[in-house]
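I have placed the structure first, in the form of structure tokens, so that the comments after it can refer back to it.
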Amino acid sequence: MKHILLGAAALAAIATAAYAQRPAAPVIQQRQANYKQMAAAVKGINDQLRSGSPDLAAIRPRAALLANYGVQVLRWFPRGSGPQAGTRTRARPEIWSDWAGFERAGARLLVAARAVNRAAQGGDIAAVRAAMPALTRACSGCHDDYRAPEH
Amino acid sequence: MSREPRVRVWDLPVRLFHWAIVLLVPAMWATHEIERMDLHILLGQILLGLVLFRMIWGLIGSSTARFAGFVRGPRTVARYLRGRGGPALGHNPLGGWSVVAMLLLLLTQIGLGLFAIDEDALHEGPLSYLVSYETARILAHRHETIFYLLVALIAVHIAAILYYRLVRHDKLVGPMITGTRKAAAGDDAAMTPAPLWRFLVAAGLAVGGTLAIVRWL
């Protein structure tokens, strides 16, 4: 009985150690999934703006998601979820070495996403259209500084 | 100085198309590499027009431009591979299929690009709005795969040109520039050029078709 308990404890320790080696994996995967949702939302809004008769009902939930994620985005990057985490990520170490700069980039995203969302919830297509370029600039500006190239 | 008799092989539209592709395919690669996707997408639409033109020219163009003149059955290709069958004016039976493969790959590549989107949804092909983000991303990955197939076919194409030049002492690049080559014994009838109005019809259809696809669809 004692041996079984010891064995179980050892197994548990090994399992814990194996898990602890990459505690950041779920965080990284989740934020990558979130960014994909944001890109899909941007595309969904652009598709509507492009059509002859933009559908506000299609724009609103996407604008809300962007604003909502704009609030969260900094929390997706806990210390230790960078390239050293063992999971493939293009998050550059500068995110953490220059956290103040990263915060400013996050704030730009939040301001831009809120402007898009305000216009969308207010039903003003022209204002949505006018607010989108600042949002895409916020996206690519941060990617230029804090995301490694694809290859 | 005696002038050797020369025979016309390629008309001007075929040659211009060929060299435009030689310039544009590397330009497509380069504009992607330097992240000038605005130029990449613009050049892609010009390429679409050129390939559409070549497909139409393959139906109504000069004799050596026409698919009916150079797309041959497997028996003819096999005979050519065994070294039999006379010299061809224009594409030989094997090269004809490489032209078909090249045009199909280009068309597939351009078609995928029309629907593709980058991962940040910042740059998209003119028809990307017709599909979801997820689908557009899958098509963008296919766009990358086809690029490598295209590079492989271009490598085969250049290797074949070198083979003809070094082993068979047949220079293929010059004729693609001048449109003529040295007349050879056994040349069948010379190239039959197409009148200008056919070129105007093909060019008009290609431009109209391209605009219809990228603007109105």
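Here is how names work: the chains are called A, B, and so on, in the same order as the sequence lines, proteins then strands, and each is numbered from 1.
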| said: Given heavy-atom pairs under 4.5 angstrom as the criterion, report whether the side chain, backbone, both or neither of Ser128(B) touches chain A. | reply: both
| said: Is it the case that over 12 heavy atoms from other parts of the model lie below 6.0 angstrom from the NE2 atom of His143(A)? | reply: yes
| request: Count the heavy atoms of every other residue, nucleotide or ligand shown that sit under 6.0 Å from CZ of Arg142(B), and state whether that count exceeds 12. | output: no
| task | Using a cut-off of 6.0 Å, state whether more than 12 heavy atoms not belonging to Glu35(B) lie near its atom CD. | result | no
| said: Ignoring hydrogens, what is the shortest heavy-atom contact between Tyr129(B) and Arg50(A)? Give both atom names and the distance. | reply: CD2-NE, 3.7 Å
| message | Are there over 12 heavy-atom neighbours, none belonging to Arg60(A), within less than 6.0 Å of that residue's CZ? | response | yes
| field | Greater than 12 external heavy atoms within 6.0 Å of Arg147(A)'s CZ | value | yes
| message | Would you say CH2 of Trp29(B) has more than 12 non-hydrogen atoms from neighbouring residues, nucleotides or ligands within 6.0 angstrom? | response | no
| query | Could you name the residues of residues 97-127 of chain B that have a heavy atom within less than 4.5 Å of a heavy atom in chain A? | reply | Ile117(B), Glu119(B), Asp120(B), Ala121(B), Leu122(B), Glu124(B), Gly125(B), Pro126(B)
